[in-house]
Participant: 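Dropping the structure in here first, questions after.
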Amino acid sequence: MTENTHQDALRRNPLLEAAQEEMVKFERKENEFRKKDRAERAAELHLPLGEIKVH
């Protein structure tokens with residue numbers, strides 16, 4: 001129920017909504033950058049790129 005109230009408040013406040021959209025864009029770009037950086041480092045070290053399993 002609290003989540004719905006929060007979403008309603010965001011819809012009513014265009015500034016908060018715009019800020020949230022910008023944060024989503026930033027996070028998406030950051031994730032893409034990290035993925036690319038990880039792949040480049042793995043290639044430099046000749047390591048296979050796969051999920052790391054922690055026991």
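Computed over heavy atoms, backbone and side chain alike; hydrogens, waters and symmetry mates excluded.
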Participant: Quick one: list whatever passes salt bridge (Lys or Arg N to Asp or Glu O under 4.0 Å) with Arg28, sequence neighbours left out.
Facilitator: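 Salt bridge (Lys or Arg N to Asp or Glu O under 4.0 Å) list for Arg28, sorted by chain: empty.
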
Participant: Using the test salt bridge (Lys or Arg N to Asp or Glu O under 4.0 Å), find all partners of Lys25 that sit at least two apart in sequence or belong to another chain.
Facilitator: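 Counting only residues at least two positions away or on another chain, Lys25 forms a salt bridge (Lys or Arg N to Asp or Glu O under 4.0 Å) with Glu22.
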
Participant: Give the other cluster members for Phe26, using side-chain heavy-atom distances under 4.5 Å between Ile, Leu, Val, Met, Phe, Trp and Tyr residues; answer none if it is isolated.
Facilitator: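 Reading the cluster by chain and number, Phe26 sits alongside Met23.
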
Participant: Using the test side-chain hydrogen bond (donor to acceptor under 3.5 Å, both in side chains), find all partners of Asp37 that sit at least two apart in sequence or belong to another chain.
Facilitator: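 For Asp37 the side-chain hydrogen bond (donor to acceptor under 3.5 Å, both in side chains) partners, ignoring immediate neighbours, are Arg41.
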
Participant: Could I get the full list of salt bridge (Lys or Arg N to Asp or Glu O under 4.0 Å) partners for Glu30, not counting sequence neighbours?
Facilitator: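 Per chain and number, Glu30 pairs via salt bridge (Lys or Arg N to Asp or Glu O under 4.0 Å) with Arg34.
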
Participant: Can you measure from CD (Glu40) to CD (Glu44) and round to the nearest 0.5 angstrom?
Facilitator: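 Between Glu40 CD and Glu44 CD, I get 7.0 Å after rounding to 0.5 Å.
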
